[in-house]
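Below is one structure, written out as structure tokens; comments come after it.
To find a chain, count down the sequence lines: A is the first, B the second, and so on, and within it residues start at 1.
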There are 2 protein chains.
Amino acid sequence: MAGILSRRLDIDALRALTAIEDQGGVTRAAEVLGLSQSAVSHRIRRLEASLGCDLLDRRANAPLFTGAGRDLLARARRILGLHDEAVLSLSKSPLQGRIALGMTEDTTCTDLSRILGRFRRLHPEVSVRTRVGMSLTLQTMLAAGALDAAIVQMFRHDVRPQDLLLFREELHWVKSPDLDLPADRPVPFLSFDENCFYRRWGIDMAQDEGRLFETVFECSSAAGITAAVQAGLGVALLSSRYLKPEMEILTANLPAPPDLAYVVRRAKKPRNPALESLIAQIADEISRSGQLQIPA
Amino acid sequence: MAGILSRRLDIDALRALTAIEDQGGVTRAAEVLGLSQSAVSHRIRRLEASLGCDLLDRRANAPLFTGAGRDLLARARRILGLHDEAVLSLSKSPLQGRIALGMTEDTTCTDLSRILGRFRRLHPEVSVRTRVGMSLTLQTMLAAGALDAAIVQMFRHDVRPQDLLLFREELHWVKSPDLDLPADRPVPFLSFDENCFYRRWGIDMAQDEGRLFETVFECSSAAGITAAVQAGLGVALLSSRYLKPEMEILTANLPAPPDLAYVVRRAKKPRNPALESLIAQIADEISRSGQLQIPA
DNA sequence: GGCCGCACATGACAAATTTCGATGCAACCA
DNA sequence: TGGTTGCATCGAAATTTGTCATGTGCGGCC
């Protein structure tokens, strides 16, 4: 067993492995990688062969990865992180300046933080100031020139061509199965706070349909709303990624909710090379994985 | 310029890059990599093409690497470190036990420390106890069963088949050009301390040739000896890697010094799987680079 | 200056690897 | 039970990678 270290991991194979985890399957991973399913399947097989151990658990109803697979996954992400940073550092031009960036609380725990961290390391001469707030607030600041760019949620039909689409979301009316909605009573509404931009939409639209709404709960965090829904407190407008299996999706008697999107929107300002570079990096990550990963 | 991150660095290409630095040239790097010179040249060219920037400085009399090349080199070493650790972690069997390892002070600042560190991370259940000492002392401890293995220097003709050869060295008689050696006076000898195993050889052999030796300086560190040589204090037996350009190598009137080698020698003990795994990792690194890197 | 030798680059071609599309196979769902 | 989904596998095609032979530039040496 001479020369374990002569074995080599292919960067693209590691990328495939992480894509499989992110997308939850080989077929979907192949899509975002821009490859055929068989190519990805083969790649993993080769990786396994070169390591001499299984990475995917191919038995029915088994978790995707074997223990070795999970171990490698963690290491692969670190390797890929270093790798990407190396690639970027070689194609970087020395940037300097300031970036005032806004983002919603939702997105702080996504890939964006990673990209932002890497950007700071690569461009220490650029000062990045990040401001977290609600989408509406951020858009106001953007318009007032207080931000150079912001990551905000909006109706999908409001997205402009120059916006960078991060990912799409669908809104649903949800309630607990335990909750009855008598037709002659106002609908108890669980809402994000005053500045939530689709709260207004919900109330207006529902009233057009002839239902009366009563806001019975207000909370700025999604966690609070989901808890209230599950407790049977009322009806809420929730985006798909916050849905739980126990929730009941309502379609009857309520208008179909509009689609949403998260985008990066720039301020109408003279061009800022540092900002453009940061946005290009975000776009790069998206083109690699189809959309940014949002942890459940 | 869409998709900078779609660029990818090949692990083998990074390996080639570091080999070029270690070996100080493409041709030599090709040798240790087991490839033809043109293959390595091609590889670097492909790497450059995929990155869109030069890595090697091909002008005459220029340092090997461009700025970008040096930047990538540093990153490459980190990536390769993670990579190798990942490979090893997947092929490891859970080891436990104790290893008592001896090494000389010389070798503490080589690749061995890196391998040792990685081994500890990979096998936290193995307790590695390292003891630094002179080669003779370590061999005595080895014989007495106080060590499981030791990295020691010895005459090359004393190397046994079961030893793992780390690298070879040549000894030379050296002195400062300023120092005269009148034939009728004893030769002033600069020596490592009492336990240096070739000090005895030097004195005996030289006396056989009819020269009288007088030890005028004794010091356990190579740095001390080289300083004394350069100061013109006397003659010393130095291994090639401590030679300085200002030193004069003596051949006349002195016996040709024996060749030396650094090896890993095991104790005559029952097999210890943890120890064998560690030694296998060292052997792996050697087979990759021809010999361990010894910083000048 | 002209003639080596050395180190690296380059081009053509051969070998190996990687991909794709088609097809097979098993599990799951209605 | 027939449709669907997700992955493995197979042969052919495409791409990548390596080797051999040869070219180029530089420096040392009569």
Side-chain angles (χ1 to χ4, degrees), chain A residues 6-66 68-70 73 83 87 245 288 290, chain B residues 3 6-66 68-70 72-73 245 288 290:
Chain A
S6 67
R7 296 172 184 174
R8 117 195 114 90
L9 307 178
D10 186 52
I11 289 289
D12 287 332
L14 298 183
R15 194 90 70 194
L17 199 70
T18 58
I20 290 176
E21 184 180 44
D22 293 342
Q23 308 295 327
V26 176
T27 305
R28 248 169 312 225
E31 274 167 39
V32 297
L33 293 172
L35 289 174
S36 70
Q37 171 266 319
S38 66
V40 177
S41 185
H42 265 149
R43 241 190 234 218
I44 301 299
R45 270 221 173 280
R46 277 193 298 270
L47 190 58
E48 290 177 324
S50 84
L51 287 167
C53 67
D54 282 2
L55 298 170
L56 295 187
D57 193 336
R58 295 178 172 77
R59 293 166 313 178
N61 292 328
L64 266 176
F65 296 93
T66 62
R70 276 190 301 278
L73 261 170
H83 170 274
V87 170
R288 157 171 304 155
Chain B
S6 67
R7 297 173 185 175
R8 116 195 114 90
L9 307 177
D10 186 56
I11 289 289
D12 286 331
L14 298 182
R15 194 90 69 193
L17 200 69
T18 59
I20 290 176
E21 184 180 46
D22 293 341
Q23 308 296 327
V26 175
T27 306
R28 245 161 319 199
E31 274 168 39
V32 295
L33 293 171
L35 290 174
S36 69
Q37 170 265 319
S38 63
V40 176
S41 185
H42 269 148
R43 249 199 220 179
I44 300 299
R45 235 173 219 305
R46 278 193 292 268
L47 188 60
E48 290 177 324
S50 86
L51 287 168
C53 67
D54 282 3
L55 298 172
L56 295 188
D57 193 335
R58 296 179 171 76
R59 292 167 313 177
N61 292 327
L64 265 176
F65 297 94
T66 64
R70 276 190 302 278
L72 182 57
L73 260 170
R288 156 169 306 154

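- Within the 4.0 angstrom heavy-atom criterion, base atoms lie near A:Arg46.
- Taking atom NE2 of A:His42 as the reference point, atom C1' of D:dA13 lies 14 Å away to the nearest angstrom.
- At whole-Å resolution of the value, CG in A:Asp10 and C1' in C:dA16 are 14 Å apart.
- Atom CG in B:Asp12 sits about 16 Å away from atom P in D:dT16, given to the nearest Å.
- Taking CG of B:Leu73 as the start and CG of B:Asp22 as the end, the distance is 8.5 Å to the nearest 0.5 Å.
- Following rounding to the nearest Å, A:Gln37 (CD) and C:dA26 (C1') show an atom-to-atom distance of 14 Å.
- Contact between the side-chain N/O atoms of A:Thr27 and the OP1/OP2 oxygens of D:dC7 is found at a separation under 4.0 Å.
- Taking 4.0 angstrom as the limit, A:Arg45 places a side-chain polar atom (N or O) nearer than this to OP1 or OP2 of D:dT9.
- Residue B:Leu56 is out of contact with every strand shown, counting any heavy-atom pair closer than 4.0 Å.
- The nearest whole Å value for the distance from the CG atom in B:Asp57 to the C1' atom in D:dG25 is 15 Å.
- With values rounded to the nearest 0.5 angstrom, A:Arg43 atom CZ is found 10.0 Å from A:Leu14 atom CG.
- Checking C:dC8, D:dC20, D:dG18 against every side-chain atom of B:Val26, the shortest atom distance belongs to C:dC8.
- In this structure the side chain of B:Glu21 never reaches within 4.5 angstrom of the side chain of B:Arg70, judged on heavy atoms.
- The side chain of A:Ser38 lies closest to D:dC10 when the candidates are D:dC10, C:dA9, C:dT10.
- To the nearest angstrom, P of C:dT17 lies 9 Å from CZ of A:Arg8.
- Atom CG in B:Leu35 sits about 15 Å away from atom C1' in C:dC8, given to the nearest Å.
- Counting to the nearest Å, the C1' atom of D:dC7 and the CZ atom of A:Arg43 are 17 Å from each other.
- For A:Ser41, taking side-chain heavy atoms from C-beta onward, the closest of the listed nucleotides C:dT19, D:dA8, C:dA9 is D:dA8.
- Of the listed nucleotides (C:dT19, D:dC7, D:dT19), D:dT19 has the atom at the smallest distance from the side chain of B:Ala39.
- Under a 3.5 Å cut-off, the side chain of B:Glu48 and the backbone N or O of B:Leu56 do form a donor-acceptor pair.
- Residues that satisfy the side chain to side chain donor-acceptor pair (under 3.5 Å) test with B:Ser36, not counting sequence neighbours, are B:Ser38.
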